[in-house]
Amino acid sequence: MRKNIAEDSGPSLKAPQSHQISAVYEDAEGLIELLVTYFKEGLEGGEYCLWVSPDKLAAEGAKSELMKAGVDVEHYLTSSQLEFLPANPLLEDLTLLASAVKELAEKGYGNTLSGGFSGFRTNFEIKNTGNSLKPCLETCGKAIETMALEKNKSITLLYTIPLEELSGRVLLELMEESNVFAKRKGKLESLRILEEKNRAEK
């Protein structure tokens, strides 16, 4: 039987200095574990959580994984604190991507304010990153930064990136960031810390 995710997790996925967190995962199970950890934290902190799921089936799986982690899913769904939204594929055109991110963040922020929640968190899947992730993350960051500064509530966006899609160059680029996580031996760890550990082990 799989251990409770809360026990498995290394550092929490909270990023107080940033509105954006990125996480690299190897397979579907790794992705679900990341998202459960991320959204469980948000729900417990009184935030409005918008889980963007690729299809209805995946949303059902997400609900059961949250329940296994000790989350009262029905309560959060009934109180409108948790919502599952079918995913639109993220656009490769950066201008369109920025406006899609901004639109989703504004919708979520509206629900956060009207529901009296402490903050808002959602997730995006990034694929086909090409040679660099920076332009994509910077563009999305600018789209929500202004909104976050104008209000007094927190916004957190989690970008999930499949490991198989990352070139060595992009992985190195990600290792320079302090708010990028990966799973190692069942725990979530910062990529930068992982790299330092690997160097020390060698």
Side-chain angles (χ1 to χ4, degrees), residues 1-88 101 103-126 144 147-148 151-162 179-190:
M1 202 173 113
R2 204 152 52 79
K3 264 185 171 177
N4 186 319
I5 287 153
E7 291 169 23
D8 280 12
S9 301
S12 89
L13 274 170
K14 288 178 182 154
Q17 303 307 316
S18 174
H19 301 298
Q20 298 188 143
I21 311 170
S22 306
V24 179
Y25 66 92
E26 283 186 76
D27 51 28
E29 191 179 309
L31 174 61
I32 267 288
E33 284 192 35
L34 275 170
L35 293 173
V36 166
T37 304
Y38 173 68
F39 284 111
K40 186 176 184 221
E41 272 180 8
L43 291 166
E44 287 170 352
E47 296 178 352
Y48 166 62
C49 294
L50 184 59
W51 184 317
V52 180
S53 186
D55 53 47
K56 196 173 189 301
L57 201 65
E60 288 308 312
K63 286 177 194 173
S64 72
E65 289 299 321
L66 275 169
M67 283 178 202
K68 279 185 210 168
V71 175
D72 184 352
V73 175
E74 289 310 314
H75 163 73
Y76 288 119
L77 287 170
T78 309
S79 66
S80 302
Q81 190 180 340
L82 173 64
E83 193 180 341
F84 289 92
L85 189 75
N88 294 321
V101 167
E103 190 181 319
L104 188 64
E106 279 174 352
K107 176 189 183 288
Y109 220 76
N111 290 354
T112 301
L113 295 170
S114 64
F117 300 115
S118 65
F120 165 58
R121 61 175 60 197
T122 190
N123 64 298
F124 290 96
E125 174 78 349
I126 295 180
I144 58 160
M147 193 191 325
K151 319 285 182 189
N152 60 350
K153 297 189 185 274
S154 66
I155 299 182
T156 315
L157 279 75
L158 171 67
Y159 299 95
T160 51
I161 309 147
N179 57 336
V180 179
F181 293 82
K183 284 202 67 127
R184 180 183 189 246
K185 296 176 184 169
K187 291 187 178 179
L188 285 168
E189 293 193 45
S190 155

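Positions are given from 1 along the sequence. Hydrogens, waters and symmetry mates are skipped; everything else that's a heavy atom, side chains included, is used.
For the pairing with Y159, the ring pair (Phe, Tyr, Trp, His ring centres under 6.0 Å) check across Y38, Y25, F124 returns one residue only, F124. Of the residues L82, L66, V36, the one that meets the side chain to side chain contact (heavy atoms under 4.5 Å, CB included) test with V71 is L66. Y48 pairs in a side chain to side chain contact (heavy atoms under 4.5 Å, CB included) with only one of the listed residues (Y76, Y109, F120), which is F120.
Going from atom CG of L85 over to atom NZ of K107 covers 6.0 Å, rounded to the nearest 0.5 Å. To the nearest 0.5 Å, the span separating CG on N123 from OG1 on T156 amounts to 12.0 Å. Atom CD of residue E65 and atom NZ of residue K40 lie 12.5 Å apart, to the nearest 0.5 angstrom. Rounded to the nearest 0.5 Å, atoms CZ (F117) and OG (S80) are 6.5 Å apart. Rounded to the nearest 0.5 angstrom, T160 OG1 and E125 CD are separated by 3.5 Å. Interatomic distance, CG of L157 versus CZ of R121, reported as 10.5 Å (0.5 Å rounding).
Formation of a donor-acceptor pair under 3.5 Å by the T122 side chain with backbone atoms of L50 is found in this model. At distances below 3.5 Å, at least one donor-acceptor pair connects side-chain atoms of Q81 with backbone N or O atoms of E47.
Scanning both residues, S53 and A59, for their nearest heavy atoms gives OG-N, 3.2 Å. Of all heavy-atom pairs spanning S22 and L158, the tightest one is C-CD1, 4.4 Å. When all heavy atoms are compared, the tightest approach of F84 to A62 is CE2-CB, 3.7 Å. Of all the heavy atoms in S118 and G45, the pair that sits closest is OG-O, 2.7 Å.
Inter-residue side-chain proximity for E83 and N111 is flagged as met; some heavy-atom pair is nearer than 4.5 Å.
The side chain to side chain donor-acceptor pair (under 3.5 Å) test applied to E44 returns no partner, not counting sequence neighbours.
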